[in-house]
Protein chains: 2
Amino acid sequence: MELRQLKYFLKAKELLNFTEAASALFISQSTLSQQIKQLEDELQVPLFNRIGKRITLTEAGDLFAVYAQQSINKASDGLQLLKDLNKLETGKVAIGVTYALRHVVTKALILFSSEYPKIQFEIIFGTSQELIHKLNHFQLDVILTFEEIASEAHFKYLELFTSPMALVTSSETALKNKKTISLEEISTLPLAMPAGGFSTTQFISKAFEKSNLHPNVTIEINDIPTLLELIKTGKWHTILTKTTIENENDLYAIPISGKNMTRTAMLISLKEVYEKKAVKAFLKIMVENLK
Amino acid sequence: MELRQLKYFLKAKELLNFTEAASALFISQSTLSQQIKQLEDELQVPLFNRIGKRITLTEAGDLFAVYAQQSINKASDGLQLLKDLNKLETGKVAIGVTYALRHVVTKALILFSSEYPKIQFEIIFGTSQELIHKLNHFQLDVILTFEEIASEAHFKYLELFTSPMALVTSSETALKNKKTISLEEISTLPLAMPAGGFSTTQFISKAFEKSNLHPNVTIEINDIPTLLELIKTGKWHTILTKTTIENENDLYAIPISGKNMTRTAMLISLKEVYEKKAVKAFLKIMVENLK
DNA sequence: TTTCTAAATCGGTTTTATCGATTGATTATA
DNA sequence: TATAATCAATCGATAAAACCGATTTAGAAA
C-alpha cells in the first residue's frame, strides 16, 4: 500500500470512471487499472464493482476510502507543517468567498500581501454549496460565507459580523430617502435578482413565501457585477446583504424591515485538519480589519 | 512521498542508526540512506542532523514524525477495517422482504445476530416492485420475494421453496375442515384482500380472470397485520400464500385446488456486484433453516 | 597516528510503475 | 438490429526507481 495508490483510488472513487480518473491524474488508464488491482490484491477485497463497463464502489471501498483520505491528509499536513516552518516564506492559501463578502477578502489581501509577499493566493468565488463542496474535497483552506441552516459536525465555524438584507437601488431613484422598506413595498417593484443557486436568493425567497408575497422578479442573473450594472440603470432593483455593495458608488442599500432580516457572515473550515500558518495569519489580519 | 519512505524514516528515527534501521527493515543501508535523502529532498528540509557519523533528529524531523506516524496509522486502520469486514465484525446488510416471507427473515435474523452481533441490519418491507426498484438502485443487498413473471438478466435468482396459495380464514369458520377449496367456491365468499400493489393480489386476480370468475372483494388493504386482524373476526376471508400465516394463531389456510396455485419464494440479488461476506453468511443461515 | 565504524556515494541489477496498443464487453446510435 | 463508440482489462515493451554490494569519506576510538 502506497500513498500513490490511495490517491489513485480516491480519484477513481470520486469520478467513478477509470479513464477520466487516469487523465485527471495524468497517468494512462492501464496504469490506473493495474494500480487499483494491485491495491485490491493487497487488501484482499475488491474496492469497485465492475458491472459491465461501469464501476461502482463496494461496501469495502466505501469504508476504506475514509481511511485512505485520512492517511493522505496526515501526510500532506506534515508536509504543510514543514513548509510553515519556513516562516511564511512559502505556501499557498486557497480561500472560497461568496461574492457578497468580496470586499472583506480584498481588503485583507492587500494588507497581508504587503507583509508576506511570497505567499500565493487562490481566491474562488462561488455559491455557498459550491464552496462547501470544495472545502469538503480539500480544495479550499477556508470559506467565507453567510450562515447555513444546517451546521455540520466536521466544520469549524467563526462568526464575523451581521449585515442587514437590503433593497439595493440606484441613487437616481426616489426611494433613496427611505430609512427602511417592507417586503410588501418591494413586491411592487421590478426586481433583478441573483440566480437561484445564491444563498441570498434562497433566503429572500423563503421570506416572501412566509409573507404570502410574490416578488416581481423580471431578471435572474448569476454574476453580481453584471447585476449591479443593471441596477445602476435605475430600471430594476435587487435584494442583497448590505455589505455586498460596500465601496460601490451610485448604489444605495435600504434595509428591509421585519424580523430575521439580517445575515451572519462566517468563516468555515475543516476541523481536525492542520491549519496552515499562512491561513492563520491571513485570517487574523482579516478579522482585525472588520472595523 | 510514499508510505514506504515514512516507514523507513520512523524506523531510523526510532533507532537513530541507519545501519541498524536498515537491517530491521530488511533492506540495505545504502537503500535506507537513499530513501531518506529522497524524502528530505521532497520535503525541502533535512529530517536528520548528520553530526559526524552520528545522526540526530532535526526539529523538522521531530515535528514531521507525528504526521508520518498518523498517516501510516490511518492506512493500517483502513486495512484492519477490511480485515474486520471479512471476519464479520463490521458491516451493514440491507434486505428487502415481501410481508408474506416475514417469518423466514426474522427466524434467520435471530440466529444470525446471536453469532455475529456486530453486523447492522436494515429490513425493508415492501411490494415486489418497490423492492426491485430499490435493489436496482443499490439500496438493498438482496430481496426475498415470490417469483416474478419477467426475469431480468442482471439479476441472480435462487429458488427457496414453494408455498400453495390458500384461502385464509378464522378458526371459527365452518370451512376449516375442508382440505382444499376451489376458486369457484371462494368467489361466493366475502373477501378482504391485500391492495393491488401486492404481487399475491395480482397473481390471484389473473387466476380468477382466467376462470371467468368474479371474486367478491369487499375490502382492500395495504397492511397485512391489519388484514389478518380483520380475518380473525370471521367476517371476511382472504387469499394469501400459506407461508404468510405461519406462526399465526387463530387462522387456518386451506390450499386452493387447481393447477399453478403455488408460488415460489426466491432470493434476488444483482449479478456482478461484490457480495458482502455478511450477506453471504446471513443467507446461508437463512437457507439452512427453511424447516 | 592507526583503527574502527557509520553514513554517503557509485555502478550495476532487479523490480515495478508506466505506456501504447489491443481485446472484450457493454452501451449508445443510426 | 446492426454499427459505432466507450470503457476496463490485458499484454508486451520501456523507462523509472528501488535496491544491492562495494567503495569512499569522515568522525570517533584506540
Side-chain angles (χ1 to χ4, degrees), chain A residues 1-58 60-61 65 68 72 75, chain B residues 1-58 60-61 68 72 75 136-138 152-156 270-274:
Chain A
M1 199 188 328
E2 293 297 345
L3 290 175
R4 172 175 32 81
Q5 294 169 321
L6 300 182
K7 207 173 64 187
Y8 291 178
F9 162 61
L10 289 175
K11 183 57 81 175
K13 182 215 159 195
E14 182 191 334
L15 299 177
L16 286 179
N17 179 318
F18 280 13
T19 307
E20 281 177 35
S23 103
L25 292 162
F26 303 104
I27 58 171
S28 71
Q29 173 263 319
S30 79
T31 297
L32 180 65
S33 205
Q34 287 174 63
Q35 289 294 307
I36 295 285
K37 186 176 157 56
Q38 190 175 313
L39 183 58
E40 290 177 322
D41 286 348
E42 184 177 346
L43 301 175
Q44 310 225 41
V45 58
L47 298 170
F48 293 98
N49 295 305
R50 278 78 166 174
I51 313 167
K53 64 181 195 181
R54 192 166 290 167
I55 56 170
T56 61
L57 263 193
T58 60
I72 288 173
Chain B
M1 199 186 333
E2 294 297 344
L3 290 175
R4 172 176 32 80
Q5 294 170 320
L6 300 182
K7 207 172 62 188
Y8 291 177
F9 162 62
L10 290 175
K11 182 58 81 177
K13 181 214 160 195
E14 181 191 335
L15 300 177
L16 286 178
N17 179 317
F18 281 12
T19 307
E20 283 178 37
S23 101
L25 292 163
F26 304 105
I27 58 172
S28 71
Q29 174 264 320
S30 80
T31 298
L32 180 65
S33 205
Q34 289 173 63
Q35 288 295 306
I36 296 286
K37 185 175 160 54
Q38 191 175 313
L39 183 58
E40 291 176 323
D41 285 350
E42 184 178 347
L43 300 176
Q44 309 222 41
V45 59
L47 298 170
F48 293 99
N49 297 305
R50 278 77 166 175
I51 312 167
K53 62 183 194 181
R54 193 165 288 168
I55 56 168
T56 60
L57 262 192
T58 60
I72 288 173
N136 273 323
H137 286 72
F138 306 101
E152 293 187 50
H154 64 291
F155 286 151
K156 231 170 30 184
L270 289 170
K271 268 185 191 165
E272 299 178 63
V273 171
Y274 174 76

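Note that the coordinates shown come from a computational prediction; the quantities given were computed from them, not determined experimentally.
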From [atom1] of [X] over to [atom2] of [N], roughly how many Å is that when rounded to an integer?
X       : N      : atom1 : atom2 : answer
B/Gln5  : D/dA18 : CD    : P     : 6 Å
B/Leu39 : D/dA18 : CG    : C1'   : 15 Å
B/Ile27 : D/dA18 : CD1   : P     : 12 Å
B/Leu25 : D/dA18 : CG    : C1'   : 14 Å

Identify whether any heavy atom of A/Phe48 sits under 4.0 Å from a base atom; if not, whether one sits that close to sugar-phosphate; answer base, sugar-phosphate or nothing.
-> nothing
Would you confirm whether A/Glu42, through its side chain, and A/Met1, through its main-chain N or O, come within 3.5 Å as a donor-acceptor pair?
-> yes
Is a side-chain donor or acceptor of A/Asn49 paired with a backbone partner of A/Ile55 at a separation under 3.5 angstrom?
-> no
Residues at least two apart in sequence or cross-chain that pass salt bridge (charged side-chain N to carboxylate O under 4.0 Å, His left out) with A/Arg54, listed by chain then number, are none
Salt bridge (charged side-chain N to carboxylate O under 4.0 Å, His left out) with B/Glu14: which residues, sequence neighbours excluded?
-> B/Lys11
How close do B/Phe48 and B/Ala12 get, heavy atom to heavy atom, and via which atoms?
-> CZ-CB, 3.6 Å
What are the two closest heavy atoms between B/Glu2 and A/Leu3, and how far apart are they?
-> OE1-N, 3.0 Å
Encode nucleotides 4-17 of chain D as B, S and - characters from 5' to 3', where the letter depends on protein heavy atoms closer than 4.0 Å: B to the base, S only to sugar-phosphate, - to neither.
-> --BSBBBB-----S
